[in-house]
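We count residues from 1, following the sequence as given.
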Amino acid sequence: MIALARQALSKVARRDDLSIGTTKAEHVSAFCAALISPDESAYTQILAKIGASGVGQRELMDVYVPFAAEMLGADWADDYLGFAEVSVGSSRLNDIIRSAALTDYDYRGTAIPLGHRALMIVPAEEQHSLGAFIAANQFRKHGLRVHMSIAHSAEEVSALIDEERYSMIGISAGSHKLVDPIQKLVELMREWNRDIGPVILGGAITRQNLDVADSTGVDLVSSNPREVMKFCGFRSQMERNDERDVGEAP
């Protein structure tokens, strides 16, 4: 879908086509293109059209925002987008996330914690943290309590783990350039903290056809919250909601 988003971007840049298409893939691609368009009017027009097509806030947060964040990270890593474009896109995504928070965007039942705490790490060498915040919100939707560690050194991360017991450690990375720093981070965490939970690596790095699990020493490489929850043996709050719905059905 990233190729489709890049095509949409070129159309928006020329302003010869501000349509959003008819399929969900085309809608998401148009949204991604709008995020990094230097033309504010094109951005607002496309977002208005996507909203008018019936896309609600839940779908925007669950589908559009996570994919757009992945696209920005992948295009930054591939040198397809420059710093200015990624900064504009990230700023607009942050505005959307903040707006959702202000309108009390929530999922039924997700305020009920499952008793598990997760630490989401953005390594000091990583330049973008947006994807980590989106991942943290997705895990909170499943019922986890998520704490953030942004740009801390390996020693500082280990100290955080000493202070609090976490059921899962997440690391967000967008580029293969972080493989060595992550490997050193994982080694030090396990050296200093013998009882840490599973270490999960996610982010755009998971789509770069690299054997990063072996290279970094993490337990799982995945950007799929359900897969991570299952791997860690956590029962998702969403699954509890589904079971409750089935029980209440006539």
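For the pair Pro225 and His142, the tightest heavy-atom approach, listed with the atom from each and the gap, is CB-NE2, 3.8 Å. Among all heavy-atom pairs drawn from Pro198 and Asp219, the shortest one is CA-OD2, 3.4 Å. In this structure, Phe139 and Val146 approach most closely via the heavy-atom pair CB-CG2, 3.9 Å. The minimum heavy-atom distance linking Ile200 with Phe231 is given by the pair CD1-CD2, 4.0 Å.
Arg140 places none of its side-chain heavy atoms less than 4.5 Å from the side chain of Arg145. At a threshold of 4.5 Å between non-hydrogen side-chain atoms, the residues His116 and Met168 do not count as touching. Contact check for Val55 versus Phe31: no side-chain heavy atoms found under the 4.5 Å cut-off.
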- Message: Evaluate Val218 against Gln183 for side chain to side chain contact (heavy atoms under 4.5 Å, CB included), listing each step before the verdict.
- Response: CA-CA 8 Å; Val218 299; Gln183 188 263 338; over 6 Å; no
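Considering OG1 of Thr216 and CD of Glu187, their distance stands at 10.5 Å, rounded to 0.5 Å. Here the CE atom belonging to Met189 is positioned 12.0 Å from the CD atom belonging to Glu155, to the nearest 0.5 angstrom. Rounded to the nearest 0.5 Å, atoms OG (Ser167) and CD1 (Ile196) are 12.0 Å apart. Interatomic distance, His147 NE2 to Leu119 CG, rounded to the nearest 0.5 Å: 8.0 Å. Rounded to the nearest 0.5 angstrom, Ile169 CD1 and Met120 CE are separated by 10.0 Å. For the atom pair CD of Glu85 and OG of Ser90, the computed distance is 11.5 Å after rounding to the nearest 0.5 Å.
A salt bridge links Glu164 to Arg117: one of the charged nitrogens lies within less than 4.0 Å of a carboxylate oxygen.
Without hydrogens or angle criteria, Ser215 side chain to Val212 main chain gives no donor-acceptor distance under 3.5 Å. With hydrogens and angles disregarded, a donor-acceptor distance shorter than 3.5 Å links the side chain of Glu126 to the backbone of Gly174. Using a distance-only test at 3.5 Å, with no hydrogens or angles considered, a donor-acceptor pair links the side chain of Ser153 to the main chain of Glu156.
When hydrophobic clusters are built by joining Ile, Leu, Val, Met, Phe, Trp and Tyr residues whose side-chain heavy atoms come closer than 4.5 Å, directly or via intermediates, Ile182 is grouped together with Val179. Both Val122 and Leu220 sit in one connected hydrophobic cluster of ILVMFWY residues. Membership requires side-chain heavy atoms under 4.5 Å apart, directly or through other members. Both Phe83 and Ile36 are members of a single hydrophobic cluster when ILVMFWY side chains are connected at heavy-atom separations under 4.5 Å.
In the hydrophobic clustering, Trp192 connects to Leu188, either directly or through intervening members, whenever side-chain heavy atoms lie under 4.5 Å apart.
Legend: residues meeting side chain to side chain donor-acceptor pair (under 3.5 Å) with Glu191, ordered by chain and number and at least two apart, are absent.
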